[in-house]
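So that the names make sense, note that chain A is the first sequence line, chain B the second, and so on, each numbered from 1. All values below were derived from every heavy atom in this structure, side-chain atoms included, with hydrogens, water molecules and symmetry-related copies excluded.
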Amino acid sequence: MISNHLLFKLASGEVFGPDQPIALKLLGSERSFQALEGVAMELEDSLYPLLKEVSIGINPYEVFQDAEWALLIGAKPRGPGMERADLLDINGKIFAEQGKALNAVASRNVKVMVVGNPCNTNALICLKNAPDIPAKNFHALTRLDENRAKCQLALKAGVFYDQVSNVTIWGNHSTTQVPDFLNARINGSPVKEVIRDTKWLQEDFTEKVQKRGGVLIKKWGRSSAASTSVSIVDGIRSLVTPTPEGDWFSSGVYTNGNPYGIAEDIVFSMPCRSKGDGDYELAMDVIFDNHLLERITKTEAELLAEKRCVAHLIGEGVAFCDLPEDTMLPGEM
Amino acid sequence: MVGGFPRKEGMERKDVMSKNVSIYKAQASAFEHHAAPDCKVLVVANPANTNALILKEFAPSIPEKNISCLTRLDHNRALGQISERLNVHVNDAKNVIIWGNHSSTQYPDVNHATVTTSSGPKSVRELVANDNWLNTEFITTVQQRGAAIIQARKLSSALSAASSACDHIHDWVLGTPKGTWVSMGVYSDGSYGIQPGLVYSFPVTCEKGEWSIVQGLKIDEISRAKMDATAKELIEEKSLAYSCLN
């Protein structure tokens with residue numbers, strides 16, 4: 001469902017601008033092939049002037065040929081009785097295969113956005129299986145959480161959401177994610193000076209952001225496909241347009257060389273800035289307090305544990321799984 | 001206006017009509033009392049033409065030129081089929097017309113459609129050079145595209161419908177490109193011998209936030225018959241709608 005919204009946004013020119021023609025190559029399965037044909041028919045009927053090509057296939061080595069952007073949305077949902085370790089393993093295999101295919105046939109500077117959950121570890125597996133593609137090019141989507149965090153801050157402060165900036169989501173796209181109110185700003189001022197309700201910031205704020213997906217499912221029985229697709233578009237646009245002065249955006253990226261002391265060799269959501277050339281740098285003007293560091297450590301530990309659990313898929317030997325809790329975000333299928 | 005009562009298995013046309021005209025009569029009342037005086041309306045829910053008509057009849061303060069129904073999806077589908085047949089880019093084909101009711105009696109008319117080529121605009125009919133295809137398969141493909149998409153996707157064509165609604169509104173508000181017209185279901189003023197007082201799809205150009213029916217197009221015998229048939233259906237629908245309300 002996410003793809004349905006996303007494909008139409010891509011075809012309309014909303015993402016890369018009105019002067020950039022686009023070719024869409026859709027990777028499906030035997031089961032979903034006919035449905036994909038139906039989507040292609042609808043795209044054709046919409047007469048988008050920038051849409052030069054739509055092709056469908058079930059072989060990633062064909063579909064990923066020369067790709068400059070790879071949006072990896074599909075993942076296997078949790079089945080009944082499935083443990084988190086099983087979920088990691090099953091999905092990991094998909095992303096290992098896709099990583100290998102990207103390595104073999106995609107553009108050498110392909111940008112990869114991983115949406116399928118568990119997205120951080122899936123992105124790690126993908127990049128480990130694509131050693132010829134810069135690890136920097138891989139992103140795990142945490143922009144939806146950032147957008148939701150901005151919305152909650154705006155609502156609490158009684159301002160329009162374009163007044164909220166410098167919102168970071170740290171860590172894993174799971175219930176250990178850390179929406180950062182210490183560095184966030186409203187109209188340029190630190191959030192803690194605008195929203196005085198510290199208890200709300202420390203307790204309710206995080207919960208509201210995390211449970212938003214679950215609330216949506218309760219309201220209308222469907223996961224947040226439309227807003228997820230908006231956040232994917234935001235994520236891409238943040239890389240192809242220069243980041244406004246002083247601001248940054250969140251993305252789950254490879255931690256090697258990070259200035260925050262976070263463990264290396266994992267995919268962790270951090271604050272990024274871009275010149276609009278598809279590349280990014282981590283923001284240096286960030287402060288930490290004990291509260292923030294504690295929570296960052298917890299989500300870091302979870303990602304390291306997930307990594308150990310998929311060791312067999314990233315060429316690091318035998319997997320060892322020690323994942324006590326289920327930390328999947330509510331409302332994510 | 002995208003909401004309406006869908007046809008369910010076993011429902012007669014009369015029952016669908018009855019449910020929908022009640023909805024649109026009630027909404028007309030809300031418009032009459034609360035909407036901005038220059039409110040523009042696009043009716044998408046089926047039966048779109050008749051729903052729009054009921055809305056107009058029961059909200060007399062809304063200028064009749066402000067009420068429209070969506071036939072842009074059929075228009076876009078027709079252009080899609082033509083460009084596929086002629087292997088040209090969709091942007092190079094234009095000026096097809098969808099006449100009449102947004103139903104199986106709609107008439108996709110290519111007699112005035114053209115394709116932009118390196119040596120200027122060329123008539124679609126001449127380029128296709130297959131009147132039989134244009135008069136039969138082309139028409140049924142456009143008419144049945146919705147069903148084909150349901151078959152492939154197991155879902156109705158919500159996304160392309162939304163896209164065409166955006167096109168309809170965009171062109172209405174921001175104007176059609178020079179030399180190009182589009183199809184909109186609008187209140188008939190008697191143009192092309194179509195009974196006034198129906199919401200009928202015509203070829204229109206748009207400028208400064210207003211649409212005008214393209215005048216003076218030659219209508220051949222085949223087209224005349226099809227245009228009249230779809231008008232006849234609209235007259236029957238109007239009659240059925242009123243009988244449901246009384």
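Across B:Arg145, B:Arg77, B:Gln151, the residue that shares the most heavy-atom pairs under 4.5 angstrom with chain A is B:Arg145. Highest contact tally toward chain A, considering only B:Ala78, B:Gly80, B:Ser157, is held by B:Ser157 [criterion: heavy-atom pairs under 4.5 Å]. With chain A as the partner, the residue from B:Gln81, B:His89, B:Lys154 showing the most heavy-atom pairs under 4.5 Å is B:His89.
No part of B:Ser164 comes within reach of chain A, as not one of its non-hydrogen atoms sits under 4.5 angstrom from that chain. Heavy-atom distances place both the backbone and the side chain of B:Ala148 under 4.5 Å from chain A. In this structure, the portions of B:Asn76 lying under 4.5 Å from any heavy atom of chain A include both its backbone and its side chain. Only the backbone of A:Leu51 comes within contact range of chain B, with heavy atoms under 4.5 Å apart. Only the side chain of B:Glu84 comes within less than 4.5 Å of a heavy atom of chain A; its backbone N, CA, C and O stay farther away.
Surrounding NZ of A:Lys150 are more than 12 heavy atoms belonging to other residues, nucleotides or ligands, all under 6.0 Å away. Counting heavy-atom neighbours within 6.0 Å of A:Lys9 NZ, excluding the residue itself, gives a total above 12. Within 6.0 Å of the NZ atom in A:Lys52, the count of heavy atoms belonging to other residues, nucleotides or ligands exceeds 12. Other residues, nucleotides and ligands contribute at most 12 non-hydrogen atoms within 6.0 Å of the OH atom of A:Tyr161. Counted within 6.0 Å of CD on A:Glu30, heavy atoms from surrounding residues, nucleotides or ligands total 12 or fewer; the atom is thus considered open. Within a 6.0 Å sphere centred on NZ of A:Lys25, other residues, nucleotides and ligands contribute more than 12 heavy atoms. Within a 6.0 Å radius of CZ in A:Arg108, other residues, nucleotides and ligands contribute more than 12 heavy atoms. For B:Glu126, the CD atom is loosely surrounded, since the number of other residues' heavy atoms within 6.0 Å does not exceed 12.
B:Arg153 CZ to A:Met41 CE: the interatomic distance, rounded to the nearest 0.5 Å, is 10.5 Å. Between atom OG of residue B:Ser163 and atom CG of residue A:Leu43 there is a gap of 9.0 Å, rounded to the nearest 0.5 Å. If you take CG on A:Leu47 and NZ on B:Lys94, they are separated by 14.0 Å, rounding to the nearest 0.5 Å.
Of all non-hydrogen atoms in A:Ser46 and B:Asp167, the two that sit nearest each other are O-OD2, 4.3 Å. Here the closest non-hydrogen pair linking A:Phe8 and B:Ser160 is CE2-N, 4.2 Å.
The shortest side-chain heavy-atom distance between B:Leu159 and A:Leu7 does not fall under the 4.5 Å cut-off.
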